[in-house]
> 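Please read through the structure below; I'll follow up with questions.
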Amino acid sequence: MPDIDLVVRDITQEMQQRTDRGQVATYIPELGRVDPNAFGLVVIGADGKVSAGGDSDTPFSIQSISKVFTLTLALGKIGDRLWQRVGREPSGSPFNSIVQLENERGKPRNPFINAGAIAVTDAILSGHQPREALGEIVRFMQFLAQDPSIKIDEDVAASEQRTGFRNIALANYMKSFGLIENPVDFTLGVYFHHCAIAMSCRQLATAAGFLAYLGRNPSTGLSVVQPERARRINALMLTCGHYDGSGEFAYRVGLPGKSGVGGGIIAIAPGKASIAVWSPGLDAAGNSHLGRIALEELSKRMGWSIFGV
Ligand code: GLN
């Protein structure tokens, strides 16, 4: 088995030198200010051992990576009833697509496209004030990462709130089918803010640890969900975590993963590692370009693909 510290070091150096870095997202204006040369990689093993490279402690906007954690919270809150409101199939469409919603009578394909994540946020919000729901999400992230310093980047949240016309359209469209229970503004306010949580690769890899180890976080020893739930969340990440790039990610990397337009990706090697990578430049599907390449190299060199070596 190759030495993970050396593999992380080598991949970090290779990625830092590459000039093909993709395009930083600019549709949320605040994200366009991020340095495209940043690169971070953190791998946490079964024993809680951390291997880190590059800008591993720099917080960045986790964006859609937050959807894994809101899904976990919503399943904890209402269990399988969540699946009455959102499906479990890959969409084959961009993350912010609206086309399928009409044919499928407002029920989003899966919890990771924007429409699905907004429906999940709505489920967390029901019975609470927006501020309480948001507090619950941020505290969950702090608990998972064992780091009370994690917070929302208010500038990013305000930036998306000003420009998030597509998400506003998606939420209103679902509301017209009765699939959003709360006032649309409230649900979207919580959604924009949880996407704007800022975390480093180290914090994200720690927070995702429970998915790699049967629901129990190896860094803290704390049980977060039952093994069956961790397995199912991983299945959804594999099939839906990269939108219309999910097939390509499975083909190249072979691990459950979830991307965000801030350039982060978390990936899970079940029983072996929890991984977070960050490179802000995106590919055409809105997934981190070098993040995916780094994970492909890591999975290949360590023999971690769930489909075999
Ligand atoms: N907040 C972003 C949006 O709703 C999240 C998208 C993403 O990370 N893919 O557009």
Side-chain angles (χ1 to χ4, degrees), residues 1-16 39-60 62 65 68-69 72 140-147 150 199-235 237-238 241 249-250 252-260 264-279 288 290-309:
M1 172 76 74
D3 180 331
I4 182 63
D5 287 326
L6 294 182
V7 171
V8 166
R9 191 196 65 192
D10 288 353
I11 292 174
T12 301
Q13 279 171 4
E14 286 164 33
M15 295 304 132
Q16 285 171 331
F39 181 85
L41 175 61
V42 171
V43 178
I44 303 185
D47 46 4
K49 178 184 175 314
V50 179
S51 307
D55 304 307
S56 52
D57 288 306
T58 308
F60 58 89
I62 68 170
I65 300 173
V68 174
F69 303 101
T72 307
F140 188 50
M141 300 312 301
Q142 293 172 340
F143 160 74
L144 290 176
Q146 288 292 290
D147 191 336
I150 291 168
M199 289 171 73
S200 67
C201 286
R202 189 184 303 267
Q203 290 166 332
L204 272 173
T206 307
F210 73 96
L211 293 169
Y213 307 105
L214 304 170
R216 176 186 288 268
N217 189 327
S219 308
T220 63
L222 296 170
S223 175
V224 180
V225 295
Q226 292 294 316
E228 180 185 61
R229 182 155 291 162
R231 169 168 62 78
R232 289 180 157 162
I233 294 170
N234 285 337
M237 287 206 289
L238 183 79
F249 189 84
R252 291 186 175 277
V253 180
L255 297 174
K258 182 75 205 80
S259 66
I265 304 177
I266 56 170
I268 301 299
K272 301 193 175 81
S274 137
I275 307 155
V277 63
W278 174 48
S279 173
S288 175
L290 287 185
R292 198 267 294 149
I293 293 172
L295 289 171
E296 183 175 356
E297 283 303 315
L298 179 68
S299 163
K300 191 164 70 188
R301 293 185 203 182
M302 298 307 294
W304 279 346
S305 166
I306 62 170
F307 302 109
V309 285

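All values derive from a computational prediction rather than experimental measurement. Sequential numbering from 1 along the given sequence is applied to the chain's residues.
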> Short question: side chain of Y213, backbone of P270 - any donor-acceptor pair under 3.5 Å?
no
> Do F69 and L204 pass the side-chain contact (heavy atoms from CB on, under 4.5 Å) test, and can you show the C-alpha distance, the side-chain angles, and the key distance before you say yes or no?
CA-CA 11 Å; F69 303 101; L204 272 173; 4.3 Å; yes
> Name every donor-acceptor pair, under 3.5 Å, that has one atom in a side chain of residues 300-309 and the other anywhere in the protein, sequence neighbours excluded.
residue: K300; atom: NZ; partner: E297; partner atom: OE2; Å: 3.4
residue: R301; atom: NE; partner: E297; partner atom: OE1; Å: 3.1
residue: R301; atom: NH1; partner: E14; partner atom: OE2; Å: 3.3
residue: R301; atom: NH2; partner: E14; partner atom: OE1; Å: 2.8
residue: R301; atom: NH2; partner: E14; partner atom: OE2; Å: 3.1
residue: R301; atom: NH2; partner: E297; partner atom: OE1; Å: 3.0
residue: S305; atom: OG; partner: F307; partner atom: N; Å: 3.1

> At their closest point, which heavy atom of I65 faces which heavy atom of K258, and how far apart are they?
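Nearest pair, atom of I65 first, then K258: CG1-O, 3.6 Å.
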> Going by ring pair (Phe, Tyr, Trp, His ring centres under 6.0 Å), name the residues that satisfy it together with F60, two or more places apart in sequence or in a different chain.
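In terms of ring pair (Phe, Tyr, Trp, His ring centres under 6.0 Å), with neighbours along the sequence ignored, F60 is linked to W278.
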> Restricting to non-hydrogen atoms, name the atom on M199 and the atom on A145 that form the minimum distance, rounded to 0.1 Å.
CE-CB, 4.4 Å
> How long is the span from the CD atom in E228 to the CD1 atom in I233, to the nearest 0.5 Å?
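Reported to 0.5 Å precision, the distance equals 11.0 Å.
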> What residues, two or more places apart in sequence or in another chain, satisfy salt bridge (Lys or Arg N to Asp or Glu O under 4.0 Å) together with R252?
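R252 satisfies salt bridge (Lys or Arg N to Asp or Glu O under 4.0 Å) with E248, E296 only.
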> Atom OG in S51, atom CD1 in I11: separation rounded to 0.5 Å?
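Here the interatomic distance stands at 11.0 Å.
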> Excluding sequence neighbours, so at least two apart, what forms side-chain contact (heavy atoms from CB on, under 4.5 Å) with S56?
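S56: side-chain contact (heavy atoms from CB on, under 4.5 Å) contacts with V42, A52, R202.
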> With sequence neighbours excluded, tell me which residues meet side-chain contact (heavy atoms from CB on, under 4.5 Å) with Q146.
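Partners of Q146 by the side-chain contact (heavy atoms from CB on, under 4.5 Å) criterion, ordered by chain and then number, come out as F143, T220, L222.
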> Taking atom CD1 of I62 and atom OG of S259, what is their separation to the nearest 0.5 Å?
12.0 Å
> Backbone N or O of A205 within a donor-acceptor pair of the S274 side chain at under 3.5 Å?
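A pair under 3.5 Å: yes.
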> Which heavy atom in A46 sits nearest to a heavy atom in P218, and how many Å separate them?
O-CB, 3.4 Å
> Could I get the full list of side-chain contact (heavy atoms from CB on, under 4.5 Å) partners for A267, not counting sequence neighbours?
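In terms of side-chain contact (heavy atoms from CB on, under 4.5 Å), with neighbours along the sequence ignored, A267 is linked to L255, I275, L295.
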> Excluding sequence neighbours, so at least two apart, what forms side chain to side chain donor-acceptor pair (under 3.5 Å) with S279?
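Applying side chain to side chain donor-acceptor pair (under 3.5 Å) to S279 gives none.
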> Identify the two heavy atoms, one from G54 and one from T12, that lie closest to each other, and give their separation to 0.1 Å.
N-CG2, 3.4 Å
> Please lay out, stage by stage, how M237 and L211 fare under the test side-chain contact (heavy atoms from CB on, under 4.5 Å).
CA-CA 11 Å; M237 287 206 289; L211 293 169; 3.8 Å; yes
> Which residues pass the salt bridge (Lys or Arg N to Asp or Glu O under 4.0 Å) test with D5, sequence neighbours left out?
K49
> Kindly write out the residues that satisfy side chain to side chain donor-acceptor pair (under 3.5 Å) with R9, not counting sequence neighbours, or none if the list is empty.
none
> Does F39 offer a backbone N or O that forms a donor-acceptor pair with the side chain of D55 under 3.5 Å?
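Side chain of D55 to backbone of F39, a donor-acceptor pair under 3.5 Å: yes, one is there.
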> For a quick test of reading the model, state the closest non-hydrogen atom pair linking A212 to A269 and the distance between them.
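That would be CB-O, 4.2 Å.
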> Please name all residues satisfying ring pair (Phe, Tyr, Trp, His ring centres under 6.0 Å) with F249, sequence neighbours left out, ordered by chain then number.
H242
> Does I268 reach the side chain of F210, with side-chain heavy atoms less than 4.5 Å apart?
no
> Got a sec, which residues hit side-chain contact (heavy atoms from CB on, under 4.5 Å) with S219, two or more places apart in sequence or on another chain?
I44, T206, N217
> Locate the shortest heavy-atom distance separating G53 from V8; write the atom from each residue and the value.
N-CG1, 3.7 Å
